[in-house]
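Convention: sequence-line order gives letters A, B, ...; per-chain numbering from 1.
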Amino acid sequence: MKPLDGIKVVDFTQAHAGSLATMILADFGAEVIKIERAGVGDMARYWVPMKGDDSAYYTYLNRGKKSISLNAASPEGKEILVKLIKDADVLCENFKLGSMERMGLTYEEVKEINPTIIYASLNGFGQTGPMKNTIGLDLQLQAMSGLMDRTGFPDGAPTKAGPAMGDQLSGTYMAMAINLALVHKRKTGEGQRIDISILDSLFSILEAAPMTYCLTGEVPERVGNSYLGISPYDALEAKDGYVAVGISTDRQWGKFCTALGMDEIGADERYKTNELRGIHYETGLKDKIEAVTKTMSKFDIEAKLRDARLAGAAVYTVADAMASDQIKEREMLQTVTDKALGEVTMPGTVIKMSETPGGYTEGAPLLGENTTEYLTQIGYSAEEIAALVEKKIIELA
Amino acid sequence: MKILEGLTVIDFTQAYSGPFCTMNLGDFGARVIKIERAGVGDQSREWTPFKDGNSGYYAAINRNKEGMSLDINTEEGKEIALRMIANADVVVENFKVGTLDKMGLGYEDVKKVNPEIIYASISGFGQTGPLKDLAAYDNVIQAMSGIMEMTGFPDGVPTKIGPAIGDNFTGLTMALAITMAYYHKLGTGKGQRLDVAMMDTLFAILESPILFKTLLGEDLSRVGNCDVTLTPYDVYPCKDGYFSAGLAGESGWDRFCKAIEMPELEKDPRFIDNDTRCKNYAILTPIMTEFFLTKTRAELADIFTAAKIPNSPVSTIPELMEHPQIAAREMLVPMVDPGVGEYLAINNPMKLSVTPASLDKPAPLMGQDTEAILESFGYNAEEIKQFAANGAI
């Protein structure tokens, strides 16, 4: 049994953020019916990595969902959507503001069709405010939100977080907001409108910086891989890569020097306290430590630190992380057979629930794979379906 | 009405990940009872920034909670905790794996007094697997998950994402897990155990590099601020800082060339389409940077917005605190904290029309609500006095 069994989602999302939200819902049992544009489909169907004409990116975000391919601009297409929405618990969309309005499917209009609908929207800047019509890609939202300002080295450029943090984070917020709204609906029967913006989402995770500005009127520069007040807290160069360490007490410093065979540095009075190490770190201490770490492999150093019960780890490549036993035992990679790609291995489900575990057992739908199934469900006959295909209103896989 | 009204959360969490999780529950009306160790308190009470000896860090992530000081290492303290849990819906903890088991407050112990409990554990590596016993710092998890490898410039060192996303993203994910488990409980009456790990959370957001490896056997590494599949799509130094601009595909190159006053680039065979531009990224970037260096961020924003090309200045924190969109979204809410005084709290980004989040009260001072909480769980004044005398509270 899954916690969202029985929940029906009419899903207009595409690309990354919105599709991630409904991916989480699907992983936990919701029936997610993806509405894709006839002949084209979700733009993520064209995103690398591709095998032939098929995108693994799409499969990752849309595993376990159903696909209906139709032309929403036609009256017949609209009618199908209205019938689907009538019977749904949740509607999700992450279009540019105004797209749902052009389809005649704003919240107010959808409420007429289904008064208890949970209507969830996600976009770069939200449904309100002076920038609500602005298009932002993940890069722009990382730039505007302050995340880039906080990431990177003080003497270098502001730096983008590698993964599309704005999409991942806002999609997760959207999934949570939908669950909150489901709780409310279960208690009261009432639906509502959800409005998630990527900018708000990224702004909410800036940690201490906004508070520091409030209390002191200034904000420290970004600090690269270090952390103010703890030294060494850094990524150090090894023979074959880097090692991240965090040595927060003087006792740990002693153990750190012993573990890496740096007795001389450990005995040096100039580095005895955390404060002194901070003062000397960039002007000599870091070089001395790296002279040692550069002679060893990153996993050797990790093992030595772990034996000494210190916080530290090699900087793993993606392949290293994928090969780690921890990731394997946590089932954070799962392999399924996808109709388009064949066998494909993707990130697993993060949330582990003992009674109602999530997860997925199949890949993504082909474009329009479930069109017939759902049209039949809402009362269309085989002849009517054939006529709609003929008129290019719908598409079958 | 608030969505989570009536949901009682016994919150043993400290530092960042757990408190960020329970903050998201408190924002929607859950009664979050934060248990801090008598005399010691949440370790984030020692974290900067400070005002008048009080931590702004703590204040920012513990709003909407009640504060209780309790020593669960004493037999009496443990009994109190169990009685509270017996009358609660959720337990959240982010101790080192096994800590609460040793204290007699593990899931199995707690289930005996409350079979329907939702018991949520946040940890570095999870409750299972060979690394489960390791403590974790955010930088260690960013390193091991592959996130650091993927962040930063190809000719530079792997780079940590500035904010501790191993903590806040994991906390949010657990808040989502708890909400789903609560939804399930409303339908079935059943509780369960929840297990969310920082390592799993960050690994899962790597997205396409994992797929490149499994599908094509290709190893990807960091690429700085660009995207290997799109050019132009980058951050450029300009007169007064940095500016991002980019195209999501083929369309817009003509407009881009006009915007940067280099119309001759449009038909240049080295830059004729997106694929060719990606191949010649190293040639094209310095040419375009010349233009950016002559303009301010404000001028660039006008130019690119007029050209209908996605763009943004790289904002600083002080700029964001004054940002019209942030203001219009009510993302900053004035709050008066008993410790740090007036400040602007970051509002909850989940905007729900009927049951919005609300920031009703600031973070508790250490042990602020101990008596009132105990009374609400049925202890009388005499008993409370005795607990205090015994050092349990």
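The pair K160(B)-D234(A) does not count as a salt bridge, with every side-chain nitrogen at least 4.0 angstrom from each carboxylate oxygen.
With chain A as partner, the option from L344(B), T48(B), I141(B), L186(B) having the largest number of non-hydrogen pairs under 4.5 angstrom is L186(B). Between chain A and the options V196(B), I210(B), D234(B), heavy-atom pairs under 4.5 Å are most frequent for I210(B). Interface summary for chain A: among P158(B), G224(B), A328(B), the most heavy-atom pairs under 4.5 angstrom belong to P158(B). Between chain A and the residues F50(B), Y16(B), Y182(B), the most heavy-atom pairs under 4.5 angstrom are made by Y16(B). For the options T173(B), I346(B), V223(B), V354(B), heavy-atom pairs under 4.5 Å to chain A are most numerous at V354(B). Among the candidates G241(A), G146(A), A157(A), A209(A), the residue making the largest number of heavy-atom pairs closer than 4.5 Å to chain B is A157(A). Most heavy-atom pairs under 4.5 Å with chain B: of the set M43(A), E190(A), H184(A), this distinction falls to H184(A). Between chain A and the residues N24(B), L220(B), L134(B), L332(B), the largest count of heavy-atom pairs under 4.5 Å involves L134(B). Between chain B and the residues M131(A), R150(A), M148(A), R186(A), the most heavy-atom pairs under 4.5 angstrom are made by R186(A). Options I24(A), T345(A), T335(A), D325(A) differ in how many heavy-atom pairs under 4.5 Å they form with chain B, and the most are formed by T345(A). For the options E355(A), R330(A), M211(A), heavy-atom pairs under 4.5 Å to chain B are most numerous at R330(A). Chain B forms the most heavy-atom pairs under 4.5 Å with one residue out of G358(A), G342(A), G124(A), A313(A), and that residue is A313(A).
Closest approach of K51(A) and L215(B) over heavy atoms only: CD-CD1, 3.8 Å. Annotation for L215(A) and E342(B): closest pair CD2-O, 4.3 Å, computed over non-hydrogen atoms. In terms of heavy atoms, L320(B) sits closest to S145(A) at CD1-O, 3.0 Å. When all heavy atoms of A143(B) and A314(A) are compared, the pair lying nearest together is CB-O, 3.6 Å. Nearest heavy atoms, I351(A) versus A177(B): CG2-CB, 3.3 Å. The nearest pair of heavy atoms linking L211(B) to P49(A) is CB-CG, 3.6 Å.
Here the side chains of M148(B) and N225(A) are in contact, with some heavy-atom distance below 4.5 Å. Between K160(A) and V235(B) the shortest side-chain heavy-atom distance does not fall below 4.5 Å. Using a 4.5 Å heavy-atom threshold, the side chains of D227(B) and L139(A) count as separate. Counting heavy atoms from C-beta on, the side chains of I205(A) and F169(B) never come closer than 4.5 Å. Put simply, the side chain of M322(A) reaches to within 4.5 Å of the side chain of T214(B), judged on heavy atoms. When side chains are defined from C-beta on, M50(A) does not count as touching L216(B), because their heavy atoms never get closer than 4.5 Å.
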Give the C-alpha distance, both sets of side-chain angles, the deciding distance and a yes or no for side chain to side chain contact (heavy atoms under 4.5 Å, CB included) between L169(A) and L172(B). CA-CA 9 Å; L169(A) 186 69; L172(B) 173 64; 3.8 Å; yes
Show the numbers, then the answer: is there a side chain to side chain contact (heavy atoms under 4.5 Å, CB included) between I326(B) and F203(A)? CA-CA 9 Å; I326(B) 294 290; F203(A) 184 66; 3.8 Å; yes
Give the intermediate values and the outcome of side chain to side chain contact (heavy atoms under 4.5 Å, CB included) for residues E149(B) and Y242(A). CA-CA 9 Å; E149(B) 167 71 18; Y242(A) 291 83; over 6 Å; no
Decide side chain to side chain contact (heavy atoms under 4.5 Å, CB included) for Y242(B) and D149(A); before the verdict, give the C-alpha distance in whole Å, the side-chain angles of both, and the deciding distance to 0.1 Å. CA-CA 9 Å; Y242(B) 289 86; D149(A) 175 74; over 6 Å; no
Go through Y137(B) and S248(A) one step at a time and tell me if the side chain to side chain donor-acceptor pair (under 3.5 Å) criterion holds. CA-CA 11 Å; Y137(B) 285 170; S248(A) 56; 3.1 Å; yes
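For D200(B), the parts lying near chain A are the backbone and the side chain together; criterion is any non-hydrogen pair under 4.5 Å. Of the two parts of F28(A), only the side chain, counted from C-beta on, holds a non-hydrogen atom closer than 4.5 Å to a non-hydrogen atom of chain B. With a 4.5 Å cut-off on non-hydrogen atoms, Y213(A) touches chain B through its side chain but not through its backbone. Contact annotation for V245(A): only backbone heavy atoms (N, CA, C, O) come within less than 4.5 Å of a heavy atom of chain B. Residue contact with chain A, scored on non-hydrogen atoms closer than 4.5 Å, involves the side chain of F28(B) exclusively. For I118(A), no part lies under 4.5 angstrom from a heavy atom of chain B. With a 4.5 Å cut-off on non-hydrogen atoms, D338(A) does not touch chain B at all. Heavy atoms of Y119(A) lying under 4.5 Å from chain B are absent altogether. Contacts of A327(B) with chain A are absent, with no heavy-atom separation under 4.5 Å from either backbone or side chain. V219(A) touches chain B through its side chain: at least one heavy atom from C-beta onward sits under 4.5 Å away, while N, CA, C and O do not.
Side-chain N or O atoms of Q326(A) include one that pairs as donor or acceptor with a backbone N or O of T128(B) at under 3.5 Å. Remark: the backbone N or O of G162(B) is not paired with any side-chain donor or acceptor of R222(A) at under 3.5 angstrom. At least one donor-acceptor pair under 3.5 Å links the side chain of S315(B) to the backbone N or O of M144(A). Remark: side-chain polar atoms of E207(B) are not paired, donor with acceptor, to backbone N or O of P163(A) under 3.5 angstrom. Between the side chain of D195(B) and the backbone N or O of K352(A), no donor-acceptor pair lies under 3.5 Å. At distances below 3.5 Å, not a single donor-acceptor pair connects side-chain atoms of S353(B) with backbone N or O atoms of Q192(A). No donor-acceptor distance shorter than 3.5 angstrom exists from the side chain of D320(A) to the backbone of G146(B), with no hydrogens or angles considered. Under the 3.5 Å distance criterion, the side-chain polar atoms of Q325(B) are matched with a main-chain donor or acceptor of T128(A). Of the possible donor and acceptor atoms, none in the side chain of N179(A) sits under 3.5 Å from a partner among the backbone N and O of L176(B).
At most 12 non-hydrogen atoms from other residues, nucleotides or ligands lie less than 6.0 angstrom from CD of E331(A). Counting heavy-atom neighbours within 6.0 Å of K187(A) NZ, excluding the residue itself, gives a total above 12.
Atoms CE and CD1, on M350(B) and I194(A) in that order, are 9.5 Å from each other to the nearest 0.5 Å. A distance of 14.0 Å separates NZ in K351(B) from CZ in R193(A), rounded to the nearest 0.5 Å. Annotation: the span from K185(A) atom NZ to I3(B) atom CD1 amounts to 13.0 Å, rounded to 0.5 Å. N348(B) contributes atom CG, which lies 9.5 Å from atom OG of S201(A) (distance to the nearest 0.5 angstrom).
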